[in-house]
Q: 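The structure under discussion is supplied below as structure tokens; questions concerning it will follow.
Chain naming here is simple, since letters A, B, ... match the order of the sequence lines and numbering starts at 1 in each.
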There are 2 protein chains.
Amino acid sequence: MTRLSELPVTTIKLNNKRMSEQIFEQLCDWIMDGTLRAGQKISEDELADRFGVSRMPVREAVRLLSAKGLVESIPYIGTTVRVLTDHEVREIYLLRSVLEPLASSKAAEYIIDVELEQLQNIQTELEKNAKLPLSLSTSKELYRLNKEFHMCMYAPSRMNTLLKIIDGLWDSIANIRMRIAYTSIYPQQMQHEHRDYIHCLKQRDGETLAQLVKKNLEFHAKQIPSIDKLFEMDQALHQ
Amino acid sequence: MTRLSELPVTTIKLNNKRMSEQIFEQLCDWIMDGTLRAGQKISEDELADRFGVSRMPVREAVRLLSAKGLVESIPYIGTTVRVLTDHEVREIYLLRSVLEPLASSKAAEYIIDVELEQLQNIQTELEKNAKLPLSLSTSKELYRLNKEFHMCMYAPSRMNTLLKIIDGLWDSIANIRMRIAYTSIYPQQMQHEHRDYIHCLKQRDGETLAQLVKKNLEFHAKQIPSIDKLFEMDQALHQ
DNA sequence: CCGGATTTGTTCGTATGTATG
DNA sequence: CCATACATACGAACAAATCCG
């Protein structure tokens, strides 16, 4: 007979996170994948019902989204998913093209072998997924892995504030980017970009890496159709 | 006789802000001016008492501070004012020296005369205050006006995301900077810097402006004593 | 212009998790 | 290891503000 004290701990602490944080992440996801569309109103009451919790954690999650700039909240009026203008999207790409090369070059300076291996693993995973036929779910998964790759690539820079800013920039345009990836040949190109990045990192060549990152970002920024165009695409999809 | 419909709206909505936002701002202030010191524990209950409100608005304010990176919060444990390492302070200066020149040059491109006048007004106000003897309160006021000046200078860039990021960077090192300003001759130098900036803006010379901003930031970054030194200074003050 | 319906903001009580003895 | 003390997290009800008819 097994003594109780010898049994493995069964009560896994899933609850190490606040409920509000879990809801925050879910809402983030829904905004990024378009389940909650730009301009849509968010009802705290309704969400609370859907999650089966009280309004309080939902409320906190909404405040956090507001702080992150994913929604806009006006006292006593309500909260809506933020609508980005064309100008704002371009601004974000400009900021990325300044900040991500910086993170890259610093990362090349400080990256250690374990981190390189990690990056390689993500890339392997990515290449597996890139072979699957494009659909909403694979597009989402590709986006997630791509973000993970980039964050892992920048992390060795040891610049935590910068990492947080970049993370925020990605999230704010995630929805737009996922809609583009869904109807493009981006996955193939992504593979090549990543391989080049890894190559530079292995050689600790931060300068070349930064240039590459900047060049690719500027290229992608040009590819982004105007918000109006995206809106038209949506209209077409719903006909 | 004036018809009622022609009268200006009299009921000014002072209450347009949430209580949590007001508390957020107050706590921000207290962290920045050192009333709440780095590493100090924050008790939601205690603050609620002090503000004469319930714990919920305080809680939300603390969550926002946490999102902004001014405090660190662990579920069921508590919240402490964030302690910046030397490395993190230097990172923030590096980011500023990249982002603020960018904002400057764009601002020079789009600034209109009204905005130039506004900037000049703030500068006039600043010069008045700079003549006062240095004390904690004048130092605080100088910091506030200096920040306002810079934000107004960057605002014409029309890059709202960038402005928000810069604002966050300023706030995160406000405490450290105020402690330095309190014991330095910074105010005089600030005047000259600002006049140069205004001169460039008047001529719409974004390139020179950006170079100036960058140069000054790099200079100030060098002047920042290490966190250890600052800590020693505090020790000395309390003896 | 006013009153009900709805939604948000706040209060308070209770549950839950963490740290000490 | 367990019990107690403490602070935080959540839930339900009340109050305040907005919108619509």
Q: From the list D:dG11, D:dT18, C:dT10, which nucleotide is the closest neighbour of the side chain of A:Val53?
A: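 Of the options given, the side chain of A:Val53 lies nearest D:dG11.
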Q: Is B:Glu88 salt-bridged to A:Lys164, going by a charged N under 4.0 Å from an acidic O?
A: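 Between A:Lys164 and B:Glu88 there is no salt bridge, as every charged N stays at least 4.0 Å from the carboxylate O atoms.
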Q: Considering only NZ, NE, NH1 and NH2 on the basic side and carboxylate oxygens on the acidic side, decide whether B:Asp29 and B:Arg144 come within less than 4.0 Å.
A: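 No, this pair does not count.
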Q: Taking CD from A:Glu21 and C1' from D:dT8, how many angstroms apart are they, rounded to a whole number?
A: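 So the two atoms are 13 Å apart, to the nearest Å.
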Q: For A:Arg55 and for A:Ile77, locate the closest nucleotide of DNA chain D by heavy-atom distance; then report the residue assigned to the nucleotide nearer the 5' terminus.
A: A:Arg55
Q: Please state how far atom CG in A:Asp45 lies from atom P in D:dA13, giving the value in whole angstrom units.
A: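 Distance check: A:Asp45 CG to D:dA13 P gives 13 Å.
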Q: Heavy atoms under 4.0 Å, any strand shown: does A:Ile42 hit a base, just sugar-phosphate, or nothing?
A: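 Sugar-phosphate contact only.
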Q: Report yes or no: is the cationic atom of B:Arg96 (NZ for Lys, CZ for Arg) closer than 6.0 Å to the six-membered ring centre of B:Tyr93, at no more than 45° off its axis?
A: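 Yes, cation above the ring, under 6.0 Å and within 45°.
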Q: Let me know the distance between CE of B:Met19 and C1' of D:dA17, rounded to the nearest Å.
A: 14 Å
Q: Round to a whole Å and report the spacing from CG of A:Asp49 to P of D:dC10.
A: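 Taking CG of A:Asp49 and P of D:dC10, I get 17 Å after rounding.
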Q: Which listed nucleotide (D:dG11, C:dT8, C:dA19) is nearest to the side chain of A:Ser43?
A: C:dT8
Q: Counting heavy atoms from C-beta on, name the nucleotide in D:dG11, C:dT7, C:dG9 closest to the side chain of A:Ser54.
A: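 Per side-chain heavy atoms of A:Ser54, the pick is D:dG11.
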Q: So, is A:Arg59 near the phosphate of C:dG9, with a side-chain N or O under 4.0 Å from OP1 or OP2?
A: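 So the side chain of A:Arg59 is within the cut-off, an N or O lying under 4.0 Å from OP1 or OP2 of C:dG9.
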Q: Whole-Å distance between D:dT18 P and A:Ile74 CD1?
A: 11 Å
Q: Could you tell me whether the side chain of A:Ser104 and the main chain of A:Glu100 form a donor-acceptor pair under 3.5 Å?
A: yes
Q: Could you walk me through whether A:Arg59 and B:Ser20 satisfy the side chain to side chain donor-acceptor pair (under 3.5 Å) test, starting with their C-alpha distance in whole Å, then the side-chain angles of each, then the deciding distance to 0.1 Å, before giving a yes or no?
A: CA-CA 12 Å; A:Arg59 184 181 167 73; B:Ser20 57; 5.3 Å; no
Q: Take A:Met56 and B:Thr79, find for each the nucleotide of DNA chain D with the closest heavy atom, and name the residue whose nucleotide sits nearer the 5' end.
A: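 So the residue in question is B:Thr79.
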Q: In whole angstrom, give the distance that lies between atom CD of A:Glu60 and atom C1' of D:dT8.
A: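 Atom-to-atom, A:Glu60 to D:dT8, this comes out as 11 Å.
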Q: Whole-Å distance between D:dT8 C1' and B:Tyr76 OH?
A: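 B:Tyr76 atom OH is separated from D:dT8 atom C1' by 7 Å.
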Q: Using whole Å, report how far CZ of B:Arg18 lies from C1' of C:dG9.
A: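 It works out to 8 Å between those atoms.
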